[in-house]
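The structure presented is a predicted model; accordingly, all values stated were derived computationally and were not measured. Numbers for residues simply follow the sequence, beginning at 1.
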Amino acid sequence: MGTGQTTRKPRSQAKKKGYKRKTWLCNRARDTDQIQDDIEKAERTGRPADQIAYDDDLSGGGQFYCVETGKHFTDARALADHKKSRYYKRRCKDLKEEKYTQNVAEWAGGMTREVLPPAHGKGS
């Protein structure tokens with residue numbers, strides 16, 4: 001014979017779900033499209049993407065930045081170890097693929113932009 005509640009409080013699971021969603025979004029990695037844009041911008045301007053001014057708020061002062069994954073590291077050794085990891089190698093492979101654009105999305109959805117010849121020829 002228990003002395004506690006027999007039913008759950010309302011919205012108890014929803015509170016957990018909201019917390020998990022919020023923390024996941026805060027720690028989410030940058031998308032490959034965003035990183036590809038950064039790399040293209042660095043090539044256009046001629047300024048390296050990993051060159052960042054010293055900032056106390058970033059780990060390592062922002063001096064040890066991995067462009068491919070969009071992460072900051074505390075020292076050069078941590079960055080070197082990261083560049084040997086499976087996550088880094090997989091991200092580099094993903095970045096070599098062509099960027100996913102709106103035209104590709106429309107084509108995949110069946111919204112093609114074909115120009116067809118007229119069905120009955122030119123009007124006479």
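Residues meeting the side chain to side chain donor-acceptor pair (under 3.5 Å) test with D38, sequence neighbours left out: R30.
Taking CD from E68 and CZ from R90, the interatomic distance works out to 15.5 Å, rounded to the nearest 0.5 Å. Note that CZ of R91 and OH of Y88 are 11.5 Å apart. Values are rounded to the nearest 0.5 Å. To the nearest 0.5 Å, atom NE2 of residue H82 and atom SG of residue C66 are 3.5 Å apart. One finds the CD atom of Q13 at 11.5 Å from the NZ atom of K15 (value rounded to the nearest 0.5 Å). Within the model, atoms NZ of K83 and NZ of K89 stand 12.5 Å from one another, a figure rounded to the nearest 0.5 Å.
Counting only distance, with no hydrogens or angles, the side chain of D75 and the backbone of A78 share a donor-acceptor pair below 3.5 Å. Formation of a donor-acceptor pair under 3.5 Å by the Q36 side chain with backbone atoms of E97 is found in this model.
Side-chain contact check for S59 versus F73: every heavy-atom pair is 4.5 Å or farther apart. Looking only at side-chain heavy atoms (C-beta outward), E106 and Q102 come within less than 4.5 Å of each other. Between E98 and T101, every side-chain heavy-atom pair lies at or beyond the 4.5 Å cut-off. Within the 4.5 Å cutoff, the side chain of L79 has no heavy atoms near those of the K71 side chain.
Note on Y87 and L95: separate hydrophobic clusters, where clusters join Ile, Leu, Val, Met, Phe, Trp and Tyr whose side-chain heavy atoms are under 4.5 Å apart, directly or indirectly.
Looking at every heavy atom in both residues, V67 comes nearest to I39 through CG1-CG1, 3.8 Å. Here the shortest heavy-atom pairing between R28 and D31 reads NH2-OD1, 3.2 Å. Across P48 and A42, no two heavy atoms sit closer than the pair C-CB, 4.4 Å.
The ring-ring contact (aromatic ring centres under 6.0 Å, His included) analysis of residues 26-67, with sequence neighbours excluded, yields the pairs Y65-H72.
Between K99 and the options D33, D37, T32, a side chain to side chain donor-acceptor pair (under 3.5 Å) holds for only D37.
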